[in-house]
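No hydrogens, no waters, no symmetry mates; every other heavy atom, side chains included, goes into these values. Counting starts at 1 for both ligands and their atoms, in listed order.
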Amino acid sequence: MNAISKLTLHDGQNRGMAPVTYGKGERPPRGDYSRAAADYTCDQDFDAYTREEHSLYTRLYHRQFTQLKKFACDPFIESLNALDATEAIPRLEEVSEKLYRTTRWQLVAVPGLIPEEAFFSLLAGRKFPVTKWLRTPAEIDYIVEPDIFHDFFGHVPLLFNPIFADYMQAYGQGGLKAGGLTACQHLARLYWYTVEFGLIDTSQGLRIYGAGILSSSTESRYSLLHPAPSRVAFDLERVMRTEYQIDSFQQTYFVIDSFDDLFRATEPDFTAIYERLRSQPAIRANTLLVGEKTFAPDATP
Ligand code: HBI
Ligand code: FE
């Protein structure tokens, strides 16, 4: 699943057809925004899912869970087991109660992609927006916009991890302070290269924690095993300068040593960092800087 690039939903206007900028070209996001609340949350309408949708979700779940046992970081696997997530489409309210008892996060249903301001506000309030619709069978291997499988299977398990849960809220708070397009671009890159496509170095080798990889059957193997992409040690300002594409596998993955490190990286106020970055050019996704620490692809995790 390749999530989103610079997302600009024109907030508030004709909700149903608010155009979304996806790198190249504009098109309305999927989903029915007409019944969403002011904060873009809506009912999940659980009973509206068809038998076919439940069985598609089960197929996605089984395929991913089987291969992620080798590729995903332990906290993800432990949370998925603790979730004893049924293989069918989850009832968000039920899981939200379990999640709230663990890390005081809640799950809210949304019609699909929402404006950045709304997204940051929900995260800052420890509410994770889960898209309510599921992809079609034709999209089983590739989908551009996040659907309920990507959002729930990819993002929700790590919200049960206390440190990662705090990082996600700190990210949302940072987003609300960002203001201005340049800072939002830096933050979107930080989200992309950690929450969506992040790798973590462990005693058993590199493992996946990014939801965009965890929910992608093809990119899971590619991110750890393929010789083509670079795997570079995480550095906050390097990540904030690094461009990304939404419609291909990553050319660079960033590797953290721990969720603690990632959380600590977001503690300082970013104002001075944005100032410094203003005078520094963006870094293309396929670039390797002289002297930066890289990781070899895993042989056979
Ligand atoms: N909306 N529903 C939803 N899910 C996302 O992951 C999301 C979003 N809006 C904005 C957004 N992500 C990105 O701009 C982040 O980089 C902030
Ligand atoms: Fe996502």
Polar-atom distance check: Glu196 versus ligand 1, any N or O pair below 3.5 Å?
no
Using a 4.0 Å heavy-atom cut-off, which part of Trp192 comes near ligand 1: side chain, backbone, both, or neither?
neither
For Thr252 and Tyr244, which I'm curious about, is there any donor-acceptor pair between the side chains at under 3.5 Å?
no
Do any N or O atoms from the side chain of Glu219 and from the backbone of Gln250 form a donor-acceptor pair under 3.5 angstrom?
yes
When you check the side-chain N and O atoms of Gln245 and Gln251, is any donor under 3.5 Å from an acceptor?
yes
Who else is in Leu289's hydrophobic cluster (ILVMFWY, side-chain heavy atoms under 4.5 Å, direct or via others)?
Ile283
Numbered atoms and elements of ligand 1 in range of Ala188, under 4.0 angstrom, heavy atoms:
16 (O)
For the Fe ion (ligand 2), find the closest N/O/S atom belonging to Glu196 and write down its atom name.
OE2
Between Val195, Leu122, Leu187, Ile114, flag the one that comes closest to atom 9 (N) of ligand 1 by a heavy atom.
Ile114
Within-shell test, Gly112 vs ligand 1, heavy atom, strictly < 4.0 Å
yes
Please determine whether any non-hydrogen atom of Phe120 lies less than 4.0 Å from an atom of ligand 1.
yes
Backbone N/O of Ala124 and side chain of Arg126: donor-acceptor pair under 3.5 Å
no
With a cutoff of under 4.5 Å between side-chain heavy atoms, which Ile, Leu, Val, Met, Phe, Trp and Tyr residues group with Tyr100?
none
Angular separation of NE2 (His150) and NE2 (His155) seen from the Fe ion (ligand 2), to 10°:
100°
